Amino acid sequence: QVQVVESGGELVQAGGSLRLSCTASGLPFDQYNMAWFRQAPGKEREGISCIKYNGVRTSYADSVKGRFTISRDNPKNTLYLQMNSLKPDDTAMYYCAVHRYSYASICSLASDRYSYWGQGTQVTVSS
């Protein structure tokens, strides 16, 4: 059974930093592209970053480019999202997701490409 668990969300002041973590078990982690999504109240879910299974390619939404960094530690089955220069607009529930297929060639930010999701971790940025 695949389990995906996010952690690290909390209340932080604007301009601050946070690092989110996500562990995925029940599958060969190093074979799957991974991604971070977020959803704010009243807004659609937004794909913000993805990373290929071997970590050699990443992609970012324009809204976070230059501020957020995605990384992974395959031996630890863990995905990270380093978030710097946080803004109140970054306030959302953040989700980690596992790609639908192993060894996917494209790092996608489309939610329908991902089949396993965590419960989310809340990030709140105060002004």
Side-chain angles (χ1 to χ4, degrees):
Q1 182 179 358
V2 176
Q3 289 191 317
V4 181
V5 180
E6 305 94 337
S7 62
E10 62 182 67
L11 173 64
V12 63
Q13 288 191 334
S17 297
L18 277 179
R19 189 175 82 156
L20 305 183
S21 299
C22 167
T23 59
S25 60
L27 49 69
F29 183 80
D30 61 356
Q31 294 182 12
Y32 288 85
N33 295 1
M34 300 288 295
W36 287 99
F37 292 79
R38 69 184 181 185
Q39 188 166 20
K43 295 188 177 181
E44 293 188 354
R45 184 175 295 180
E46 175 189 18
I48 57 173
S49 186
C50 63
I51 187 168
K52 286 199 70 174
Y53 54 90
N54 54 11
V56 298
R57 181 163 293 179
T58 59
S59 182
Y60 297 92
D62 288 343
S63 57
V64 305
K65 198 173 295 183
R67 300 187 299 121
F68 291 10
T69 303
I70 191 171
S71 62
R72 64 191 297 161
D73 186 337
N74 283 347
K76 293 184 178 180
N77 285 14
T78 302
L79 177 73
Y80 301 102
L81 185 68
Q82 178 65 43
M83 306 187 294
N84 299 328
S85 303
L86 283 161
K87 308 174 182 179
D89 282 350
D90 294 318
T91 295
M93 186 71 79
Y94 283 71
Y95 299 91
C96 168
V98 182
H99 199 276
R100 189 174 299 277
Y101 303 114
S102 60
Y103 299 117
S105 59
I106 296 175
C107 186
S108 172
L109 294 180
S111 61
D112 62 359
R113 296 293 189 270
Y114 296 86
S115 55
Y116 298 107
W117 297 77
Q119 293 299 307
T121 186
Q122 177 67 39
V123 173
T124 303
V125 184
S126 63
S127 57

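Please read all numbers here as calculations on a predicted model, not as lab measurements.
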- Query: Can Val125 be reached from Val64 by stepping across I, L, V, M, F, W or Y side chains whose heavy atoms are under 4.5 Å apart?
  - Reply: yes

- Do the side chains of Leu86 and Ile70 join up, straight or via other hydrophobic residues, at under 4.5 Å, putting them in one cluster? yes

- Message: Can you tell me how far apart OG1 (Thr58) and CZ (Arg72) are? Round to the nearest 0.5 Å.
- Response: 11.5 Å

- Message: According to side-chain hydrogen bond (donor to acceptor under 3.5 Å, both in side chains), does anything in residues 115-127 pair up with another residue at least two apart or in another chain? List the pairs.
- Response: Gln122-Thr124

- Message: Show the nearest heavy-atom pair for residues Ser108 and Ala110, with the distance to one decimal.
- Response: OG-N, 3.0 Å

- Identify, with sequence neighbours excluded, every residue that meets side chain to side chain contact (heavy atoms under 4.5 Å, CB included) alongside Arg57. Lys52

- Do Val98 and Trp36 share a hydrophobic cluster (ILVMFWY, side-chain heavy atoms under 4.5 Å, transitive)? yes

- Decide whether Tyr60 and Met34 are clustered together by the hydrophobic rule: side chain heavy atoms of Ile, Leu, Val, Met, Phe, Trp, Tyr closer than 4.5 Å, transitively. yes

- Item | For Tyr95, all residues meeting ring pair (Phe, Tyr, Trp, His ring centres under 6.0 Å), sequence neighbours excluded | none

- Message: Going by side-chain hydrogen bond (donor to acceptor under 3.5 Å, both in side chains), name the pairs with one or both residues in residues 7-25, residues two or more places apart or in two chains.
- Response: Ser17-Asn84

- Item | Joint hydrophobic cluster, Tyr94 plus Ile51, side-chain heavy atoms closer than 4.5 Å | yes

- Note on the structure: Scanning both residues in full, the closest heavy-atom pair of Ala97 with Phe37 reads CB-CE1, 4.0 Å

- Return the set of residues passing salt bridge (charged side-chain N to carboxylate O under 4.0 Å, His left out) with Asp62 (not counting sequence neighbours), or none when no residue passes. Lys65

- All ring pair (Phe, Tyr, Trp, His ring centres under 6.0 Å) counterparts of Tyr32, not counting sequence neighbours: none

- Does Leu11 sit in a hydrophobic cluster with other residues, and if so which ones, taking ILVMFWY side chains as linked at heavy-atom separations under 4.5 Å, directly or through other members? none

- For Phe29 and Leu79, work out which heavy atoms get closest and say how close. CZ-N, 4.0 Å

- Message: Please list all pairs meeting disulfide (SG to SG under 2.5 Å) that have one or both residues in residues 9-60, counting only residues at least two apart or in different chains.
- Response: Cys22-Cys96, Cys50-Cys107

- If only atom types and distance count, is the side chain of Tyr114 paired as donor or acceptor with the main-chain N or O of Asn33 below 3.5 Å? no

- Task: Not counting sequence neighbours, which residues clear ring pair (Phe, Tyr, Trp, His ring centres under 6.0 Å) with Tyr53? List them please.
- Result: Tyr103

- Message: Under the rule for side chain to side chain contact (heavy atoms under 4.5 Å, CB included), what residues qualify as partners of Asp30, not counting sequence neighbours?
- Response: Pro28, Asn74

- Task: Please name all residues satisfying side chain to side chain contact (heavy atoms under 4.5 Å, CB included) with Ser63, sequence neighbours left out, ordered by chain then number.
- Result: Arg38, Glu46, Ala61

- Message: Just to verify, what does Tyr101 make a side chain to side chain contact (heavy atoms under 4.5 Å, CB included) with, not counting sequence neighbours?
- Response: His99

- Task: First locate atom CG of Leu81, then atom OG of Ser71, and finally report the distance between them rounded to the nearest 0.5 Å.
- Result: 8.5 Å

- Message: Checking the side chain of Ser49 only, and the main-chain atoms of Ser59 only, is there a donor and an acceptor separated by less than 3.5 Å?
- Response: yes

- Message: I'd like to check Val12 versus Met83 (side-chain heavy atoms, cut-off strictly below 4.5 Å). Are they in contact?
- Response: no

